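Naming: A, B, ... by sequence-line order, numbering from 1 per chain. Note that the coordinates shown come from a computational prediction; the quantities given were computed from them, not determined experimentally.
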Protein chains: 2
Amino acid sequence: MGTMRLGEMEEGMKGIRALARHLDISIGTVSRALNGKPDVNPETRARVMEAARALGYTPNQSGRSLRQGVTNTIGFMIEMSPDANASGDDFFMGVFEGVQTVLNRHRLDLVVFPCPAEENPVDYLSRLVGRGMVDAMIISATRRRDDRIDFLEKTQLPFIALGRSESGPDMRWIDLDFEGVAHSSVARLVAKGHRRIALAIPDGDINLGHVFHDAYRAALSQHGIAYNPALLFRVARVLECGDDLVTALLALPELPSAILLSSEVMSLSLYRKLQERGIRPGRDIAVIGFRDNPRTSFLTPSLTCHSISLSDLGQTLAETLLAGIPAFADLYPGRDRNLIWPMALVQGESDDFDIVPER
Amino acid sequence: MGTMRLGEMEEGMKGIRALARHLDISIGTVSRALNGKPDVNPETRARVMEAARALGYTPNQSGRSLRQGVTNTIGFMIEMSPDANASGDDFFMGVFEGVQTVLNRHRLDLVVFPCPAEENPVDYLSRLVGRGMVDAMIISATRRRDDRIDFLEKTQLPFIALGRSESGPDMRWIDLDFEGVAHSSVARLVAKGHRRIALAIPDGDINLGHVFHDAYRAALSQHGIAYNPALLFRVARVLECGDDLVTALLALPELPSAILLSSEVMSLSLYRKLQERGIRPGRDIAVIGFRDNPRTSFLTPSLTCHSISLSDLGQTLAETLLAGIPAFADLYPGRDRNLIWPMALVQGESDDFDIVPER
DNA sequence: GTGAAAGCGCTAACAA
DNA sequence: TTGTTAGCGCTTTCAC
């Protein structure tokens, strides 16, 4: 032993045992050397590190987790149903990036669990969490009442939700500032003379629809505008909502002068369908989109919407999660349990006209 | 024991041991009952299943994998750099869905590893694979030469690539039919009288650029058109390529009469920038996009492009992967090691004009 | 500073 | 049909 070619392991040996045999030391020492424990001869440590590198040794995670009770992995559950995925395509990529920035500091890895559209989200979550692959979870697309939250609280697994919910009043969460978006949108429109302001929200139980709806009502009321249920549109498929939306708009006795969208992808089909019917966004009807999105940025007229740094959101999400894990809590002392994430209005041309022309 | 309330485990006990204690039988029997082994009294099995359900027991995956040497989990590595992510991410969502359809048949789960843009893909892959969380890998965004492939071949972990590469000539892969796309696009344009046909491909070493480029040259040659390097555009950021592309087009002595795109998201900014310069897609220049995408479907004039069933692609990807894993190989006997995935031309209006008007 | 050994939760081989 | 036990790879006592 000790005379084998690089890249070869001892016959019939695997993992740390092969490495130890190869170096002619005990597996305990190898483990301590690799894990940076202080009581290891520097020279021994160097030999171990070098051999590990040369042989491409990586510790088996199952062995480690079994022993340590920790996996150093954080899970992020996303849903693939178009309904839940209204946030648009680049959204999660951007958030992942930010989350990983923080996790990397602690040598934690992020794994994503994509829940199939047909599968029950709770069953899916409990199956994957039950596997014990993760030390904590991030969930998204929260429902107004969300059984996943009850489940996670029962398991005592640390978690955070990207999105608030009526379930789990004590859980950690971060959500977008729908209130702020509704208020600034309505204020802006009212200042331009608008009174008939419609709202489109996703159908179903995704909570953002409810939250946005409430915020919209509050904003209207603040400006002394009566809430008109006829101006609320629940759309089934956000990506192809244009048809239904425009049909519904035209069925009204009078076209609203403005419409707020609660998902950026709504703007795509809405623009098209409006134009097909000869209704010009930004001229015949004011449109305020939701989030700034590279994929809506080419729309003409340019879409007034709200911007956000996805990476920052992801970082804060991760930090707030870690603040709830005993092993990391000390490092993130100031973190609140939950947070409304502000969004900044980006002025476009899609709502840039006054109802009462100045003279 | 046996008299505790539901939802409670024996004091200080966890996992299968607590369950066994609770039922007053041995852990071996519990394990066999849960795993559907034949030699278990049906009544015992029923009791075990019921108790497991009631107590919310899920076997710890680390324990299982350690013992069985398999994890029943398949990994899918994606990259978050905008460069590698030219496909738009409804692409991966669609593929995941198909992959999971197949994996579910075998009670395998899919986990996604999102590689941060700043991290070296090989380091990332080796770290996550090294953890031993997966039995097989799917990789995407293959480079012309791709060290990940060499790495995976060395580890002997079964894997498949979504995208071909010059590395790993014997590996399993499925790739989109860039040749077919190039040929049908060029043929269609040539039939309309086009001779000056440009191509936009992503800059960098992502292989699809090279493959598309080669296919484009071959298609031109087949129609007796000389390849003109001035009509090849390498774009840095596919999402915001419009600016550079239009500037480059206008810098040419003569505007090409048509342009082929190798990524669907290119069309968004290209349309906008063309229109800003007063160049009308479908009138002044023919545009053929790459993949049919719900998010480009609202473009006016409608984009001629190529369509694909992402779910079917995902299913075939998964089946081809499983065909390479001994435990499943028998179930998928007919699968080729690799496959060019056909795409169907979807006629739009973005290239619907003739260079030589008919009379 | 190092080695020996226990044990994390689970399954499979074997004994009963 | 069930119980007992070894051992998967690893880390962490505890001796030395």
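Here the CG-CE distance, from B:D109 to B:M133, works out to 11.0 Å after rounding to the nearest 0.5 Å.
Salt bridge absent: B:E166 and B:R145 never bring a charged side-chain N and a carboxylate O closer than 4.0 Å. Remark: A:D336 does not engage A:R172 in a salt bridge, criterion side-chain N to carboxylate O under 4.0 Å. Between B:E79 and B:R143 there is a salt bridge, with a side-chain nitrogen of the basic residue lying less than 4.0 Å from a carboxylate oxygen of the acidic one. B:R53 and B:E50 are joined by a salt bridge, as a carboxylate oxygen and a charged side-chain nitrogen come within less than 4.0 angstrom of each other. With salt bridges taken as basic N to acidic carboxylate O contacts below 4.0 Å, none links A:R337 and A:D170. Using a 4.0 Å cut-off between charged nitrogen and carboxylate oxygen, A:E153 and A:R148 do not count as a salt-bridge pair.
Across all strands, B:S62 comes closer than 4.0 Å to no nucleic acid atom at all (heavy-atom distances). Among the heavy atoms of the strands, none lies under 4.0 Å from A:S65. Base contact: B:D39 has a heavy atom under 4.0 Å from a base atom. At the heavy-atom level, A:G69 lies nowhere under 4.0 Å from the strands shown.
Note that the two end axes of the helix from C:dG1-D:dC16 to C:dA16-D:dT1 enclose an angle of 50°, each drawn from 5 base pairs, rounded to 10 degrees.
Across the interface with DNA chain C, nearest-nucleotide mapping of A:L66 and B:G28 shows A:L66 to be the residue nearer the 5′ end. Each of A:Q61 and B:I25 was matched to the nucleotide of DNA chain D holding its nearest heavy atom; the match closer to the 5' end belongs to B:I25. If you find the closest nucleotide of DNA chain D to B:R67 and to B:N41, the one lying nearer the 5' end belongs to B:N41. Nearer the 5' end of DNA chain C, as judged by each residue's closest nucleotide, is the contact made by B:G63, out of B:G63 and B:T29.
Remark: P of D:dG3 and CD1 of B:I16 are 12 Å apart, rounded to the nearest angstrom. Going from atom CD1 of B:I27 over to atom C1' of D:dA6 covers 11 Å, rounded to whole Å. Rounded to whole Å, atom P of D:dT4 lies 12 Å from atom CZ of B:R17. One can place CZ of A:R32 at 10 Å from P of D:dT12, the figure rounded to the nearest angstrom. With rounding to whole Å, A:K37 atom NZ is found 15 Å from D:dC10 atom P.
Taking the 5' to 3' direction, DNA chain C first and last meets chain A under 4.0 angstrom from a heavy atom at C:dG1 to C:dG9.
Side-chain nitrogen and oxygen atoms of A:K14 include at least one within less than 4.0 Å of the OP1 or OP2 phosphate oxygen of D:dG9. The side chain of A:N60 contributes no N or O atom lying less than 4.0 Å from OP1 or OP2 of D:dC8. Distances shown here put a side-chain N or O of A:Q68 below 4.0 Å from the OP1 or OP2 atom of D:dT12.
When each of A:I139, A:I138, A:I160, A:V134 is paired with A:F76, the side-chain contact (heavy atoms from CB on, under 4.5 Å) condition holds for A:I138 and for no other.
For A:R131 and B:T73, the side-chain atoms include at least one donor-acceptor pair closer than 3.5 Å. Under the 3.5 Å distance criterion, with hydrogens and angles disregarded, a donor-acceptor pair is assigned to the side chains of B:T71 and B:D135.
Looking at the side chain of B:S26, the nearest of the listed nucleotides D:dT4, D:dC10, D:dC8 is D:dT4.
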